[in-house]
*Asks:* 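Sharing a structure here in structure tokens format.
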Amino acid sequence: MRSQPPRLLAASLVAALAATTFAASGTALAAEYERVLNGKFDSGSADPWWSSAGVTNRVTGGELCAAVTGGTTNPWDALVGQNGVPFESGQSYTLSFDAHATTAQTVAAAAGESVSPYRGIARQEFAVTPSKQHFTFTFTSTLDFPDAGNGQVAFQLGGQPADNTICVDNVSLIGGVKPPGGVNPNPTKKVQVDLVGYVPGLPKRATLVSTATTPQTWTLKNSAGATVATGQSTPKGADATSGDPVHLIDFSSYDTPGTGYTLSVGADSSFPFDISADAIKRLRYDSLAFFYHQRSGTPIEAQYVGDQYARPAGHVNVAPNQGDNNVPCRADLACGYTLDVRGGWYDAGDHGKYVVNGGIATWQLLNAYERASRIGDAAAYRDGSLAIPEKSNGVPDLLDEARWEVDFLLKMQAPDGMAHHKMHDAAWTALPTRPELDDQPRRLSATSTAATLNLAAVAAQAARLWRGIDAAYSAKLLAAARKAYTAAKANPAKLADPADNVGGGAYDDKTVSDEFYWAAAELYATTGDAAYRTDVTTSSHYKAASLTRAGFFWGGTAPLGDITLALAPTGLPAADVTAIKSAFATVADQHLTAMGQMGYATPYDNSVDGYVWGSNSAVLNNATVLALAHDFTGAAKYRDGVFEALHYLLGRNPLSTSYVAGYGDQAVQNIHHRFWARQNDPTLPIAPPGSLSGGPNSALQDPVVQRLLVGCPQQKCWVDDIGAYSVNEVAINWNSALAWVSGWAAEKSGAPVTKPDCEVGYSASKWDNGLSAHVKLTNTGTTPWTEWKLGFAFPGTQRITTGWSANWSQTGRDVTATNMSWNGRVEPGKSVYIGFNASGSGSDPTAFTVNGKACKSG
């Protein structure tokens, strides 16, 4: 699955390799340590073996078979290999393997360096025939490559006139005296800080790694090296999750904006950081830019991403792509139709597109906009805010980006209303494989109840948000949502096959009651229909019953329905909505209590499963719970908890690493991705700024971490290696969580946030081309209003025809209402009631101001 440019053993190295002296096959070894990974291919995966251009790897019958395009000149013009192989200078190694070929040819096995200057260790040629043979040779290494270093083993398959297929199995490299395994190669600090920065006006905390049992003196220095603050650390003792003995450093009292600060204890100094809100405001947009990079079916243009990230459209039926415009079901399904499923986002580091992952990712982007529209700063997502082709179409850019996936989800709906669970390549592709160079057939997996409910939920949510922007599109979305929900109720237990994991992840889910609740909540919030209300209120998940410290994810979506019911006005009893909001505060308090005991404070519950695949997304989803608790209560402690989560992700962790590409002096670069793959091919880019690594995974679920990280403390089970897919991949549902939280944090990155001093209640009775609205203004502040001015904008074609209890005026979509002589004074906690009649149609306004200040709506 892994690809390397065919420059490892260039012609300049052949002489050196030819001069290498090989020992006899029977030479004794210093130790029986296996140095290559996945040499038996029993799992059905080629990982971490890569192939060069012109070579396609496939695991067939328990063997790695490389289809090699003929017509190359040199043996090294076609390669299959593995990087990160450890060698020790002066030690003996035996390389052995089985091989056969469709047509007899000479194959060379070589060991050497994977990066410039591409020094060779050993090379030997073997005559491979159609009959399987066992080959072996022994050599002494002249170079020293530690774990996760630049050592490499490769098979040279080129220099042949015609196409051929060469299969290998039981590949083994035995030798050396040091056991495989190691630690993260990035240097770590004793003073752990957010590598990016701290927002003025908010808490500023760091972690000191020290066995001292007494407070230690810390010093904060500016970029000129001058001391600007000092203080004493607080010993916390052993931190089980990181394995570190820790102290807490709190330097919140210093609040002067600037760059290049360092925090020191004795001779130990932190990485530099800023005191500024600039980075978090930039991350709001970089985290969203990730989705344009991941678009399928369209060219990624340099004018939006720069030359290094630009690429042609992938999977649009231009050779060698087989394309996404006419995709059949898997052969064993015999569904009898094909679908045009062009577009959407590539799910992760591969080229698959999955409805259940796309569902939660799209929902999070749409919810970020809906929340901002109702109680936040929707202007941050205005048209022109993102570098995307739709940036001047009059639609908020966040909605434009989300629509790219919404449209794909609609395309995945089968004729009977069910949705196909996923679509992807028939077999796993090599790494790297640029999207436009993927030659694999594309296949639809079976429909599933979970996928269908994801479609129903997101389409209903999107219909609500587009109602005042594009009425026809909104109606199309709602029709698809209703059809999907009906189909799911008719097929309530059609579960994804856990064995459907060839060429793409299975994404199986044994429980779908949470998806039913989520979809019903979205449909009810959009339509108000009694049937959907009944399904919501009779669900076992109602009133945030499923919200715990474990949070939510693609397979546990009930809290998404809770969030919608808490934010969007519905006809639910006020007490029930209050109960939902209270549940968020309760769980947020549990997080804060646990975080207070941690060496590296983060909202994550590792009490049952440890750190899991995609742990960083769980941190962010739990930070979303903290953020909403702040929205619902105004309590600063929840806001501070959100920023603690971001500090962990951006460097205040035991690895001194920022898990967000482009942010901090030691930020992740080599994420597992088939295009952002510079570690394997120096002509390709590293991960673009704003891309989130999956993060620590104590289950050690890929060959790279199984070799490097055995015995790692949970928070240290991570390495910045392209082959370490279980800790260092990216995914749309991870970056959507980052986009939601960083957008919220950017909104709060100013003066300390206080509760709005006004609340607006809006309800309207509608008929064909008309409505009558009642508006309640409440003074939630601490001082009386002596006069008031209400402002809002209609999202549709509404025009006020008459009004009462206020002086009403309208310019375009913008509406203003000012007090009458008799109702201008409103005491704290009191309300005034006004209203109007209007012609036209459209959704209800969602953002209101009183006297120029944003109000809570409900």
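Predicted model only: the values in this text are computed from it and were never measured.
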*Asks:* Walk me through whether Leu195 and Ser658 qualify under side-chain contact (heavy atoms from CB on, under 4.5 Å).
*Replies:* CA-CA 7 Å; Leu195 303 179; Ser658 168; 4.1 Å; yes
*Asks:* Whether Lys581 and Asp631 form a salt bridge (side-chain N of Lys/Arg under 4.0 Å from carboxylate O of Asp/Glu) is what I want to check.
*Replies:* no
*Asks:* Asn222: which residues meet the side chain to side chain contact (heavy atoms under 4.5 Å, CB included) condition with it, sequence neighbours left out?
*Replies:* Ala224, Ala226, Val228, Tyr261
*Asks:* List in chain and number order the residues that pass salt bridge (charged side-chain N to carboxylate O under 4.0 Å, His left out) with Arg282, two or more places apart in sequence or in another chain; answer none if no residue qualifies.
*Replies:* none
*Asks:* Applying side-chain hydrogen bond (donor to acceptor under 3.5 Å, both in side chains) to Trp740 and Asn367, what does each step give before you reach the verdict?
*Replies:* CA-CA 8 Å; Trp740 197 106; Asn367 181 260; 2.8 Å; yes
*Asks:* Phe584 and Asp562: side-chain contact (heavy atoms from CB on, under 4.5 Å), yes or no, with the steps?
*Replies:* CA-CA 9 Å; Phe584 278 82; Asp562 295 318; 4.0 Å; yes
*Asks:* Can you name the residues that form a side-chain hydrogen bond (donor to acceptor under 3.5 Å, both in side chains) with Asn357, not counting sequence neighbours?
*Replies:* Asp347, Tyr507, Asn733
*Asks:* Does Tyr663 reach the main-chain N or O of Gly651 with its side chain, forming a donor-acceptor pair under 3.5 Å?
*Replies:* no
*Asks:* Between Glu747 and Lys281, is the closest basic N to carboxylate O distance under 4.0 Å?
*Replies:* no
*Asks:* Can a donor-acceptor pair be found, under 3.5 Å and without considering hydrogens, that links the side chain of Ser270 to the backbone of Leu263?
*Replies:* yes
*Asks:* Is the backbone N or O of Pro603 less than 3.5 Å from a side-chain atom of Asn622, with the two atoms forming a donor-acceptor pair by type?
*Replies:* yes
*Asks:* Shortest non-hydrogen contact from Val642 to Ala623?
*Replies:* CG2-O, 3.5 Å
*Asks:* Using the rule given for side-chain hydrogen bond (donor to acceptor under 3.5 Å, both in side chains), can you reason through Ser615 versus Trp718, listing the C-alpha separation, both sets of side-chain angles and the distance that settles it, and then say yes or no?
*Replies:* CA-CA 11 Å; Ser615 65; Trp718 181 87; over 6 Å; no
*Asks:* Can you give me the closest heavy-atom contact between Val199 and Ser749, atom names plus distance?
*Replies:* CG2-OG, 3.6 Å
*Asks:* Exactly one of Thr262, Val265, Val209 should register a side chain to side chain contact (heavy atoms under 4.5 Å, CB included) with Val191. Which one does?
*Replies:* Val265
*Asks:* Under 6.0 Å between the ring centres of His630 and Tyr638?
*Replies:* no
*Asks:* Who passes side chain to side chain contact (heavy atoms under 4.5 Å, CB included) against Ala212, sequence neighbours left out?
*Replies:* Ser210, Gln216, His247
*Asks:* Closest approach of Gly176 and Tyr33, non-hydrogen atoms and distance?
*Replies:* O-CD1, 3.7 Å
*Asks:* Would you check if the side chain of Ser287 reaches a backbone N or O of Arg284 as a donor-acceptor pair within less than 3.5 Å?
*Replies:* yes
*Asks:* Once the angle between the rings of Trp613 and Tyr725 is folded into 0 to 90°, is it parallel (under 30°), tilted (30 to 60°) or perpendicular (over 60°)?
*Replies:* tilted
*Asks:* If you look only at pairs with a residue in residues 691-715, which of them pass as a ring pair (Phe, Tyr, Trp, His ring centres under 6.0 Å), with sequence neighbours excluded?
*Replies:* none
*Asks:* Keeping to residues at least two apart or across chains, list the ring pair (Phe, Tyr, Trp, His ring centres under 6.0 Å) pairs with something in residues 193-215.
*Replies:* Tyr198-Phe251, Tyr198-Phe273, Tyr198-His647
*Asks:* Less than 3.5 Å apart, any donor N or O on the side chain of Asn83 or Asn680 sitting next to an acceptor on the other?
*Replies:* yes
*Asks:* Return the minimal non-hydrogen interatomic distance between Ser691 and Trp676, and the atom names on each side.
*Replies:* OG-CZ3, 3.9 Å
*Asks:* Taking it one step at a time, do Ser656 and Gln666 satisfy side-chain hydrogen bond (donor to acceptor under 3.5 Å, both in side chains)?
*Replies:* CA-CA 7 Å; Ser656 304; Gln666 190 158 271; 5.1 Å; no
*Asks:* Determine whether a donor-acceptor pair (N or O, by modelled atom type, separation under 3.5 Å) exists between the side chain of Arg707 and the backbone of Gly84.
*Replies:* yes
*Asks:* Using a distance-only test with no angle check, is there a side-chain donor-acceptor pair under 3.5 angstrom linking Glu34 and Ser172?
*Replies:* yes
*Asks:* Got a sec, which residues hit salt bridge (charged side-chain N to carboxylate O under 4.0 Å, His left out) with Asp278, two or more places apart in sequence or on another chain?
*Replies:* none
*Asks:* With Arg652, which residues qualify under salt bridge (charged side-chain N to carboxylate O under 4.0 Å, His left out), at least two apart?
*Replies:* Glu644
*Asks:* Side chains of Asp720 and Asn728: any donor to acceptor distance under 3.5 Å?
*Replies:* yes
*Asks:* What's the shortest heavy-atom distance between Val619 and Ala645, and which atoms?
*Replies:* CG1-CB, 4.0 Å
*Asks:* Specify the closest pair of heavy atoms between Asp350 and Tyr346, including all atoms of both residues, with the distance to one decimal.
*Replies:* O-CB, 3.7 Å
*Asks:* Are His673 and Gln294 linked by a side-chain donor-acceptor pair shorter than 3.5 Å?
*Replies:* yes
*Asks:* Which residues satisfy the side chain to side chain contact (heavy atoms under 4.5 Å, CB included) test with Ser116, sequence neighbours excluded?
*Replies:* Tyr118
*Asks:* Which residues pass the side-chain hydrogen bond (donor to acceptor under 3.5 Å, both in side chains) test with Trp218, sequence neighbours left out?
*Replies:* none
*Asks:* Please identify each residue that fulfils side chain to side chain contact (heavy atoms under 4.5 Å, CB included) with Thr219, with sequence neighbours left out.
*Replies:* Lys221, Thr227, Thr230
*Asks:* Do NZ/NE/NH1/NH2 and the carboxylate oxygens of Asp194 and Arg205 come within less than 4.0 Å?
*Replies:* no
*Asks:* Using 4.0 Å as the upper bound for N to carboxylate O, is an ion pair formed by Asp255 and Lys204?
*Replies:* yes
*Asks:* For Arg549 and Tyr604, indicate whether the former's side chain and the latter's backbone hold a donor-acceptor pair under 3.5 Å.
*Replies:* yes
*Asks:* Taking atom types as modelled and ignoring hydrogens, do the side chains of Glu113 and Asn150 form a donor-acceptor contact shorter than 3.5 angstrom?
*Replies:* no
*Asks:* Classify the side-chain pair Thr259/Asp274 by whether it contains a donor and acceptor separated by less than 3.5 Å.
*Replies:* no
*Asks:* Could you check whether Gln364 and Asn621, counting side-chain N and O atoms only, form a donor-acceptor pair closer than 3.5 Å?
*Replies:* yes
*Asks:* NZ of Lys190: more than 12 outside heavy atoms within 6.0 angstrom?
*Replies:* no
*Asks:* Can you check side-chain contact (heavy atoms from CB on, under 4.5 Å) on Leu173 and Val153, steps first, answer last?
*Replies:* CA-CA 9 Å; Leu173 180 69; Val153 167; 4.0 Å; yes
*Asks:* Among residues at least two apart in sequence or on other chains, which ones pass side-chain hydrogen bond (donor to acceptor under 3.5 Å, both in side chains) with Gln715?
*Replies:* Tyr611
*Asks:* I'd like to know if the side chain of Asp702 pairs up with that of Ser726 as donor and acceptor (distance under 3.5 Å, no hydrogens or angles considered).
*Replies:* yes
*Asks:* Do Asp239 and Thr241 have side-chain N/O donor and acceptor atoms under 3.5 Å apart?
*Replies:* no
*Asks:* Measure from NZ or CZ of Lys748 to the centre of the six-membered ring of Trp744, then state whether that distance is under 6.0 Å and the direction lies within 45° of the axis.
*Replies:* yes
*Asks:* Between Tyr600 and Asp244, does the side-chain contact (heavy atoms from CB on, under 4.5 Å) criterion hold? Intermediate values first, please.
*Replies:* CA-CA 10 Å; Tyr600 303 92; Asp244 290 341; 2.7 Å; yes
*Asks:* Side chains of Ser141 and Glu88: any donor to acceptor distance under 3.5 Å?
*Replies:* no
